[in-house]
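Computed from a predicted model, the values in this text were never measured in an experiment. For reference, positions follow the sequence shown, starting with 1.
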Amino acid sequence: MEVYYSQAAEFLSKYRIDITQPSFQLAAASIVFNPTYWNIVARAEYSTKILTKLAFGNRKLGCYLLAISIFSLGILRDYLYEQALRDQLVCPYLEPVWVKGIAAALFAWGNILVLTSMWALGVTGTYLGDYFGILMDHRVTSFPFNVSNNPMYHGSAMSFLGTALWFGKPSGVLLTVLVYVMYSIALKFEEPFTAKIYARRDAEKQKKAN
C-alpha cells in the first residue's frame, strides 16, 4: 500500500498537484458536501415537510430558505476552490496563450448555461421546488435545455475547468473531475425521484379527470 501511495504522490507531484495542502482538501470536502447536502435536505422535505414547517407552513418560503442555503454554500465552495488554486503550483504545459483561450471560452459558455437555466426555471425550479410540491406546468425545452439535459451542472463543471486552465493549475483540473463525478452521482438520485414526483402528479390529474 505504501508503494502505491508513493507512486501516486510522485505522479501528482510531476504534474504540480499537492493533495496534502489543507486548502485543497477543504475545497474537495466542500465539493463533495454540497450536492450531498441538498439531496438529503430535499428528500427530508419531501418526506416530512420539515422546511415548510419551519417556514410556518409556507412551502414557497421553505424553498427560498433552501435556495439561500444552497447558494451560500456554493459561494463558499467557489471561495475555497479559488484558495486551493492559489496554494498550488502552475504547470508549464498549461501556460500557452491558446490554453487561456480555451479557458475563457469554457468559463464564458459555462456561465451562460448556468445563468440561462436559472432564468428559464426560476428560483423554485432551480432550487428543488418540486420536492416542496411546487411543480412546473411543462418541461422546459428551450435554451439551454435544448443543448444540455442538465445545463446547470454541465455549466458549473465547465466554469471550474475554465478557471483551472486559466490559472494553469492541474490541481484545479483534478477538482473539476471531482465536481463532475459528484454531479453525476447526484443526478442518479435526482432524476428518477423528480420523474416519480411528476408521474404521481400526472396520475392524480388523470384520476380526477376520470
Step-by-step side chain to side chain contact (heavy atoms under 4.5 Å, CB included) determination, Thr52 to Asn58: CA-CA 6 Å; Thr52 298; Asn58 188 326; over 6 Å; no
Gln88 vs Asp18, test: side chain to side chain donor-acceptor pair (under 3.5 Å). Steps then yes/no. CA-CA 7 Å; Gln88 297 285 323; Asp18 183 3; 5.4 Å; no
Test log, rule side chain to side chain donor-acceptor pair (under 3.5 Å), inputs Glu190 and Tyr153: CA-CA 12 Å; Glu190 292 173 17; Tyr153 288 168; 2.9 Å; yes
Verdict with reasoning, Ile197 to Tyr46, per side chain to side chain contact (heavy atoms under 4.5 Å, CB included): CA-CA 10 Å; Ile197 292 173; Tyr46 184 81; 3.8 Å; yes
Would Phe107 and Met158 count as a side chain to side chain contact (heavy atoms under 4.5 Å, CB included) if you check the C-alpha gap in whole Å, the side-chain angles of each, and the deciding distance to 0.1 Å? CA-CA 6 Å; Phe107 187 82; Met158 291 170 72; over 6 Å; no
Met182/Thr36 under side chain to side chain contact (heavy atoms under 4.5 Å, CB included): CA gap, chis, key distance, verdict: CA-CA 8 Å; Met182 290 308 302; Thr36 305; 3.9 Å; yes
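Not a single donor-acceptor pair under 3.5 Å links the side chain of Lys169 to the backbone N or O of Ile17. Looking at Ser117, its side chain does come within 3.5 Å of a backbone N or O of Val114 through a donor-acceptor pair.
Classification of the Tyr81-Phe160 ring pair by plane angle, with boundaries at 30° and 60°, yields perpendicular.
Residues Cys63 and Ile134 approach most closely at CB-CD1, 4.2 Å, considering heavy atoms.
When ring centroids are compared, Tyr131 and Phe193 come within the 6.0 Å threshold.
Surrounding CG of Leu115 are more than 12 heavy atoms belonging to other residues, nucleotides or ligands, all under 6.0 Å away. Atom OH of Tyr183 is surrounded by more than 12 heavy atoms from other residues, nucleotides or ligands within 6.0 Å.
The pair Arg86-Glu82 meets the salt-bridge criterion, since a charged nitrogen lies less than 4.0 angstrom from a carboxylate oxygen.
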